[in-house]
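Heavy atoms only: backbone and side chains are in, while hydrogens, waters and symmetry mates are out. In what follows, chains carry the letters A, B, and so on, assigned in the order in which the sequence lines appear, proteins first and then strands, with residues in each chain numbered from 1.
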Amino acid sequence: MPVARPESSDSRVIAHVDMDCFYVQVEQRKQPSLRGQPTAVVQYNSWKGGGLIAVSYEARKYGVKRSMRGDEAKQVCPEIQLVQVPVNRGKADLTVYRNAGSEVVSILARKGRCERASIDEVYLDLTEAAEKMLAETPPESLEAINEEAVKSHVLGLEVVDGVDTRENVKRWLVRPDADRRDKLLACGSLLVADLRLQVLQETQFTCSAGVAHNKMLAKLVSGMNKPAQQTVVPFSSVKKLLETLPIKKMKQLGGKLGTSLQTNLGVETVGDLLQFPEEKLQELFGINTGTWLWNIARGINGEDVEGRLLPKSHGAGKTFPGPRALKTISAVEQWLNELCEELSERLQSDLEKNKRIAHTLTLHSSAYKLNDTDSHKKFPSKSCSLRYGTSKLQEDALILFQAGLREYLGSYKLKTSGSQHDGWRITGLSVSASKIVAIPSGTRSIFNYFHSQNQTCSSVEESNGRDVQNAAPLFLSGIETNSGVHSTRPEVESSDKEDKSVHALKSYDLEENETQVLRDKYTSVTRSPVHKWSEQDGFAQETVTSSSIGTHSCSIVNRPESRKELSGEHLVHVTSKEQKISSSKEKVTPSILKFFQSRTSCTALKREEGNPDLEANASSASVNTCFEALKQNESPVKNGSQTDTLRFDQDGLRRNCWSYKIDEIEHSILNELPLEIQEEFNAWLRPQKRPNTMKKGSSIVHYFSPLKEK
DNA sequence: CATTATTATCTT
DNA sequence: TAAGATAAT
């Protein structure tokens with residue numbers, strides 16, 4: 001679970017941008033006559049008209065819903081235009097939507113760190129841009145305000161009668177006496193309005209956005225006013241916003257965890273969560289999830305916007321429902337071949353365009369057994385090191401499948417007839433490529449070198465007369481020629497781990513009596529109705545465009561450490577993720593300590609207690625009087641008492657442990673620190689995830705199937 | 001066994 | 001690390 005940092009120090013400007021019924025828009029751009037008409041995108045149509053995966057707002061007025069069938073949609077809206085998702089190799093092909101998503105991302109990434117959250121959603125960290133704007137061209141100085149920004153919905157904005165809403169919003173945007181944080185949000189709103197306009201101009205797509213101090217809030221409100229509008233959450237309106245918000249509306253709480261909160265704790269709204277002490281939530285749900293929940297209840301969420309424009313994995317899959325379930329190995333093989341073809345194409349494209357290489361191939365399947373009562377056993381997923389080239393993928397995928405099937409059938413298969421199509425049916429197949437790493441730029445020369453050489457170790461196969469790239473895998477395996485050092489085939493040990501069969505389905509459960517006690521103890525009785533929540537659009541997918549070279553590489557070995565060996569001058573660049581991990585893990589941030597130690601005046605700042613909620617105790621500290629360094633980590637202060645204290649909980653750090661009341665560090669001060677130190681400081685503000693200390697069999701949280709009974 | 005097809009993250 | 005579970009769109 002994500003971990004939060006103290007809110008009051010969080011004056012970031014975060015936006016969540018969500019495309020409006022994205023697939024529909026893509027189709028409408030292709031076919032402009034569909035504009036303004038009730039339209040839906042449907043995949044396949046032979047069975048009940050196919051399944052809807054995106055619905056235009058015109059169609060929604062008729063009650064057309066995502067995941068209705070085409071036929072149902074026609075019933076409620078006979079006029080509806082149904083557009084089919086392209087089909088290739090017998091399966092839905094989402095390439096056009098992925099590419100359209102990439103167009104959008106490249107525009108949205110212009111003003112700050114950008115994270116592609118799905119095919120049609122991104123998060124933006126606009127903090128720096130907003131600060132810059134505030135410093136150089138603050139809204140109050142502007143002669144004209146972006147019309148789009150003026151149309152923003154500002155949550156909690158008091159209505160002045162006699163003043164129309166737009167004028168009211170405009171006044172909020174340019175208010176000279178506003179809290180700095182609100183000013184930053186105002187700048188963020190202007191920036192986002194700008195970006196949305198650019199997206200529209202350059203792609204013809206509309207989108208909606210949420211602007212707030214963190215990801216969770218931005219995401220929460222981006223869908224509140226759709227389509228083509230934006231919503232801002234001023235700091236001061238967070239509490240009221242969350243108070244009555246149904247718990248299930250929060251990201252991450254839409255599933256079993258949310259259900260558990262409802263049924264086990266009687267928590268229906270985010271506000272209800274405020275009753276529970278942090279320790280209690282930690283006991284119940286584990287240290288990380290517990291802390292996360294406690295923070296979420298208060299509108300606190302320290303998750304970073306990752307700078308990532310590309311997907312971390314690629315997958316191709318298909319389901320075979322009902323009578324279409326696959327009955328023979330040969331049918332499975334054929335479909336695997338199709339899937340691998342698509343996957344291979346996308347991998348080639350990624351390699352060519354993004355210079356990235358995938359390391360792991362995984363096969364997932366779902367199946368059931370005939371005339372077998374315990375037949376809902378899960379088909380095991382299997383993975384192996386990934387070899388480039390369509391037929392390699394196909395070969396390996398089949399082997400993985402067969403390994404999975406043997407395990408799935410277990411001794412069950414030992415019955416009659418060795419003939420194939422027997423007891424089993426395959427209802428789903430998918431292959432995916434993960435552990436994708438960028439080829440460091442320094443490697444390019446090596447890459448090119450091998451590129452020009454005749455391949456040292458490739459077979460010919462389906463290289464289609466085009467280039468074969470060996471350099472990358474070579475790099476990744478650490479300079480060995482990959483001639484045959486490692487087995488390239490998926491090594492499928494048939495270690496039939498027989499029994500362990502049924503992992504009980506997991507969910508959150510509390511003991512009955514404890515549940516009652518908790519409900520009585522913390523849950524109040526009354527609650528009130530809430531806002532109106534518009535639906536979210538779209539589907540989740542990924543990015544990457546297409547094109548292809550026939551790459552065919554030899555064995556690719558997963559050996560991350562080997563890169564270190566090579567890290568001379570060129571190869572220092574690892575993926576940013578890895579850098580982050582390694583640095584936050586083993587680094588003691590000595591430079592920060594040094595910096596503070598060299599500071600002579602560290603004066604304490606006391607903050608008034610008794611404010612358990614969101615009221616900003618904007619402690620006005622100045623540069624010299626801000627940091628207090630305590631020699632020993634005085635009793636770990638916990639969030640429950642509203643004093644956020646940095647603490648190192650890993651032993652190595654215990655000794656020279658300092659505690660800071662980071663709530664009390666004013667933001668502007670951070671700006672005076674050297675950049676490098678600012679970064680480290682920020683890392684502090686986003687505490688690491690703590691190892692889960694919850695014992696597995698703890699009577700408190702244990703997982704089971706929630707909606708099972710009855 | 002008819003919400004499909006993907007993706008991401010966390011736990012074990 | 002691999003495999004499973006959960007969640008989202």
Side-chain angles (χ1 to χ4, degrees), chain A residues 1-2 18-19 21-23 41-44 46-48 50-54 65-69 85 91-94 97-98 115-121 219 223 248 250-259 286 288-289 292 303 306 308 311-326 339 342-343 346 359-360 362-364 366-370 375-376 378-385 400 404 407 425-435 493 497 500 503-508 535-543 558 560 689 691-692 694 696 703 705-706:
Chain A
M1 281 295 111
D18 197 306
M19 305 307 294
C21 53
F22 190 45
Y23 290 9
V41 172
V42 69
Q43 54 189 359
Y44 313 121
S46 39
W47 196 70
K48 300 189 175 181
L52 272 55
I53 59 178
K65 297 260 189 49
R66 189 170 54 171
S67 143
M68 272 172 123
R69 303 302 159 73
V85 172
K91 69 179 288 298
D93 185 347
L94 306 175
Y97 311 117
R98 290 190 184 100
E115 173 183 332
R116 162 173 250 163
S118 76
I119 196 173
D120 71 337
E121 284 175 89
K219 162 80 178 170
K248 296 277 226 173
M250 293 279 334
K251 194 173 103 162
Q252 295 288 286
L253 298 182
K256 297 185 180 184
L257 179 53
T259 300
N288 291 304
T289 303
W292 180 81
E303 280 168 77
E306 306 280 332
R308 184 176 47 77
K312 298 174 124 174
S313 67
H314 301 288
K318 177 161 179 61
T319 56
F320 309 96
R324 307 207 288 172
L326 309 184
L339 297 174
E342 179 184 323
L343 182 60
R346 287 161 56 191
H359 277 53
T360 303
T362 304
L363 178 134
H364 297 273
S366 55
Y368 66 96
K369 291 181 214 160
L370 298 172
S375 79
H376 51 34
K378 299 264 189 254
F379 194 101
S381 64
K382 294 289 164 188
S383 58
C384 68
S385 118
L400 291 177
E407 192 176 318
R425 291 294 184 276
I426 297 302
T427 57
L429 283 175
S430 87
V431 288
S432 59
S434 60
K435 304 200 181 137
E493 18 57 47
K497 292 151 186 179
K500 77 174 306 185
H503 270 92
L505 276 189
K506 296 180 165 186
S507 113
Y508 302 86
E535 334 220 323
Q536 312 276 25
D537 296 308
F539 251 151
Q541 247 85 64
E542 34 92 276
T543 170
N558 289 312
K689 226 172 37 177
N692 199 359
M694 217 179 30
K696 196 162 53 164
Y703 299 84
S705 196

State which of C:dA5, B:dT6, B:dA8 makes the closest approach to the side chain of A:P311.
-> B:dA8
Looking only at side-chain N and O atoms, does A:K48 come under 4.0 Å of OP1 or OP2 in B:dA2?
-> no
Phosphate contact (B:dT6 OP1 or OP2) by A:R98 side-chain N/O below 4.0 Å = yes
N/O (side chain, A:S313) to phosphate O (OP1/OP2, B:dT6) under 4.0 Å = no
So do A:H364 and A:K382 actually touch side chain to side chain, heavy atoms under 4.5 Å?
-> no
side-chain N/O A:Y44 vs B:dA5 OP1/OP2, d < 4.0 Å = yes
Rounded distance in Å between the P positions of C:dA2 and B:dT4 | 29 Å
Rounded to whole Å, OH of A:Y97 lies from P of B:dT6 at a distance of 12 Å
Dot-bracket for DNA chain B: what is it, with Watson-Crick or G-U pairs under 3.5 Å, [ ] where a pair crosses earlier ones, and | for a pair to another strand?
-> ....||||||||
Starting from the 5' end of DNA chain B, give me the residue, A:S67 or A:L339, whose nearest nucleotide shows up first.
-> A:S67
Heavy-atom check, side chain of A:E303 versus side chain of A:W292, under 4.5 Å = yes
Quick one: is A:R308 getting a side-chain N or O under 4.0 Å of the B:dA8 phosphate, OP1 or OP2?
-> yes
Just to confirm, is there a sub-4.0 Å distance from OP1 or OP2 of C:dA2 to any side-chain nitrogen or oxygen of A:K435?
-> yes
What is the distance, rounded to the nearest whole Å, between atom CZ of A:R425 and atom C1' of B:dC1?
-> 11 Å
Could you tell me the separation between the CD atom of A:Q252 and the CG atom of A:L257, rounded to the nearest 0.5 Å?
-> 8.5 Å
Closest to the A:S381 side chain: B:dT9, B:dA2, C:dG4?
-> C:dG4
Which one, B:dA5, C:dT9, B:dT6, comes nearest to the side chain of A:Q43?
-> B:dA5
Tell me, please, whether A:Y44 has A:K318 positioned over its six-membered ring: NZ or CZ under 6.0 Å from the ring centre and within 45 degrees of its axis?
-> yes
Determine the Euclidean distance between corresponding P atoms of C:dT9 and B:dA2; express it in Å to zero decimal places.
-> 23 Å
Sticking with atom P, work out how far B:dC1 lies from C:dA5, rounded to a whole angstrom.
-> 16 Å
Between CE of A:M250 and P of C:dT9 the distance, given in whole Å, is 12 Å
Between A:K435 and A:S313, a side-chain donor and acceptor under 3.5 Å | no
Base, sugar-phosphate, or nothing for A:G317, non-hydrogen atoms under 4.0 angstrom?
-> sugar-phosphate
Would you say A:R69 reaches B:dT3's phosphate, i.e. side-chain N/O to OP1/OP2 under 4.0 Å?
-> yes
Phosphate OP1/OP2 of C:dG4: any A:K382 side-chain N/O under 4.0 Å | no
With the side chain of A:P321 defined as its heavy atoms from C-beta on, choose the nearest nucleotide among C:dA7, B:dA2, B:dA5.
-> B:dA2
Does A:Y368 stack onto the base of B:dC1, taking stacking as ring centres under 5.5 Å apart and planes under 30° apart?
-> yes
Nucleotide C:dT9, atom C1' - distance to CZ of A:F22 in whole Å = 13 Å
Between B:dT6, C:dA8, B:dA5, which nucleotide gets closest to the side-chain atoms of A:E342?
-> B:dT6
Pairing residues for A:K91 by the salt bridge (Lys or Arg N to Asp or Glu O under 4.0 Å) criterion, not counting sequence neighbours = A:E342
Distance below 4.0 Å between A:K689 side-chain N/O and B:dT11 OP1 or OP2 = yes
The side-chain hydrogen bond (donor to acceptor under 3.5 Å, both in side chains) partners of A:K48 (sequence neighbours excluded) come to none
Does OP1 or OP2 of B:dT6 have a side-chain N or O of A:S430 closer than 4.0 Å?
-> no
Check: A:Y97 and A:V85 side chains under 4.5 Å, non-hydrogen atoms | yes
Just to confirm, is there a sub-4.0 Å distance from OP1 or OP2 of B:dT9 to any side-chain nitrogen or oxygen of A:K312?
-> yes
Short side-chain N/O contact from A:K256 to OP1 or OP2 of B:dC10, under 4.0 Å | no
Side chain of A:S383 (C-beta onward), nearest among C:dA5, B:dT6, C:dA3 | C:dA3
Given B:dA5, C:dA8, C:dA5, the nucleotide with the shortest approach to the side chain of A:K91 | B:dA5
Distance-only donor-acceptor check, side chains A:S434 and A:T360, under 3.5 Å | no
